[in-house]
There are 2 protein chains.
Amino acid sequence: MNMTPPRTRIQRKNRKTILDAALEVFSQHGFRGATLDQIATQSGLSKPNLLYYFPSKEVVHITLLSTLMETWLDPLREMDPDGDPVEEILAYVRRKLEMSRDFPRESRLFANEIVQGAPRMQTALATDLKGLVDDKAVVLRAWADAGKIAAVDPHHLIFSIWALTQHYADFDVQVQAVLGPDRDPYAEAEAFLRTLFTKLLAP
Amino acid sequence: MNMTPPRTRIQRKNRKTILDAALEVFSQHGFRGATLDQIATQSGLSKPNLLYYFPSKEVVHITLLSTLMETWLDPLREMDPDGDPVEEILAYVRRKLEMSRDFPRESRLFANEIVQGAPRMQTALATDLKGLVDDKAVVLRAWADAGKIAAVDPHHLIFSIWALTQHYADFDVQVQAVLGPDRDPYAEAEAFLRTLFTKLLAP
DNA sequence: CCTGATCTTGACCGGATGGTCAAACCGCAA
DNA sequence: TTGCGGTTTGACCATCCGGTCAAGATCAGG
């Protein structure tokens, strides 16, 4: 059966169901820690049925990663070279933090993969990701050279945005454990990060 | 056999060998992804011999986590309430970054565990970690109230230090992929982070 | 209603994996 | 040499897990 693109209504629905269940399970246990039975149970399908829609566990995982990679990079793509520099960067930070808040599973899926050496993403990192980041680094450097923002290394600026925003999704249990139950991590993080990047970027 | 504390010279040596091999394997593959055979091979011992020194895979893992937790928190403990505030915080950032550079396996071991919900560390996080952080948060708040550093949320300040420094160890492949082979991530990070925190903390 | 294609599943398979055990091995003191 | 802790291991076991398969259920078009 050729699965690209899906033909029938039923195929579209079931593939979507499976990918959602797989996201839940993979993001919680990592590739190796997740089992087909868990994904099958989570999706409400039988294991053989799951393997009717995807040829193997690995293909499910890879499908998830490549599908979500696009979404994941969108906030950075939206950073407009013609906009106001500080505003654009702060907006990027805000969008990225919202993604951590609204899509923590996606964040953890990538975190799991990358912490373990990204065995199934190497090429995507070195091509798509590096390409986009290098592009935006040029923009950031131009802004710095024009005195619109402070002169900071563009790549490390981007790393700092990733690190600070994804931390709240990836290390959620730790954040919760340290802050206790009566606080709102994301609301506080938004204020904190706005302050941090405002101060960092002021020329 | 009672293993606490280890009796003979041979026991101390072998337990150490095993824990080092386990750190290598667990940090690379996570708990579920690591196998006893891998750890046995890595340590140069046979699998049954390994299980002569530790009763189960999980005990090896837990032993690693609790042993390393101490080391991991040391840099924060060293932050001196009586020192110069900005200097103390910058020194903490530097120590933490050095730990990422010199002990990336330890960093990834924790990252793996926490991303997956810290199933074997919950209590340690809520007691040891929260306790220490809350202590230091009091110190930071006092510094802020005294006008020695800018008024930022102490907990999120600590989170930001963790996020920014551990990022270079935990997401090493990504950093390498984006920066390319001809740069020195840690040297650059040290300069970038000094700038960042200097600006953030200036009263 | 009939028929062929699509979808679903219980039963099963082979290999991996955590863990056990009895036997062997080793260094050393009497 | 013998005896005795402490140490090491080959062989083995039960379970888990990714994946297969053949047969049955369901659905859409005529």
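By convention in this document, chain letters (A, B, ...) are assigned in the order of the sequence lines, proteins followed by strands, and residues within each chain are numbered from 1.
For the pair A/S107 (side chain) and A/S100 (backbone), a donor-acceptor distance under 3.5 Å is absent.
In this structure, the NE2 atom of A/H61 is 13 Å from the P atom of D/dG19, given to the nearest Å. C/dC7 atom C1' lies 15 Å from atom CZ of A/R15, rounded to whole Å. Counting to the nearest Å, the P atom of C/dG27 and the NZ atom of B/K13 are 12 Å from each other. Atom pair B/L51:CG and C/dA22:P shows a separation of 16 Å (rounding to whole Å applied). Atom CD1 in A/I18 sits about 12 Å away from atom C1' in C/dT8, given to the nearest Å. Residue A/H29 contributes atom NE2, which lies 11 Å from atom P of D/dC17 at whole-angstrom precision. The CZ atom of A/R12 sits 11 Å away from the P atom of C/dC7 (whole-angstrom rounding). In this structure, the NZ atom of A/K57 is 11 Å from the C1' atom of D/dC16, given to the nearest Å.
For A/P48, whose side chain is taken as the heavy atoms from C-beta onward, the closest listed nucleotide among D/dT9, C/dG19, D/dC21 is D/dC21. Of the listed nucleotides (D/dG19, D/dA28, C/dC7), C/dC7 has the atom at the smallest distance from the side chain of A/I10.
A/Y53 has no side-chain polar atom (N or O) that falls below the 4.0 Å cut-off from OP1 or OP2 of C/dC7. Regarding contacts with the backbone of D/dT8, every side-chain N or O of B/Y52 stays at 4.0 angstrom or more from both OP1 and OP2. Using a 4.0 Å cut-off, some side-chain N or O of B/N49 falls inside it from OP1 or OP2 of D/dT9. Here A/R32 reaches the OP1 or OP2 of C/dT17: one of its side-chain N or O atoms lies under 4.0 Å away. At the phosphate of C/dT6, neither OP1 nor OP2 sits under 4.0 Å from any side-chain N or O atom of A/Q11.
The line from NE2 of A/H155 to CG of A/D134 is 4.0 Å long, rounded to the nearest 0.5 Å. The CZ atom of A/F192 lies 12.0 Å from the CG atom of A/L97; values are rounded to the nearest 0.5 Å.
Taking the centre of each ring, B/Y168 and A/H156 come in below the 6.0 Å mark.
Applying the 6.0 Å contact sphere to NZ of B/K148 captures no more than 12 heavy atoms from other residues, nucleotides or ligands. Taking a 6.0 Å sphere around CZ of A/R95, one finds it holds more than 12 heavy atoms contributed by other residues, nucleotides or ligands. Annotation: B/Y186, atom OH; neighbour count of heavy atoms from other residues, nucleotides and ligands within 6.0 Å is above 12.
Residues in residues 109-121 of chain B take part in these side chain to side chain donor-acceptor pair (under 3.5 Å) pairs, two or more places apart or across chains: A/N112-B/Q116, A/Q116-B/N112, B/H61-B/R120.
Between B/D184 and B/R101 there is no salt bridge, since no side-chain nitrogen of the basic residue lies less than 4.0 Å from a carboxylate oxygen of the acidic one. Taking the charged nitrogens against the carboxylate oxygens, B/R194 and B/E190 do have a contact shorter than 4.0 Å, which makes a salt bridge.
If one axis is set at each end of the helix from C/dC1-D/dG30 to C/dA30-D/dT1 from five pairs, those axes are 10° apart, to 10°.
For D/dG19, the base has a donor-acceptor partner in the side chain of A/K47 [N/O atoms by modelled type, under 3.5 angstrom].
Near-neighbour residues of DNA chain C inside residues 35-46 of chain A, defined by a heavy atom below 4.0 Å, number-ordered: A/S46.
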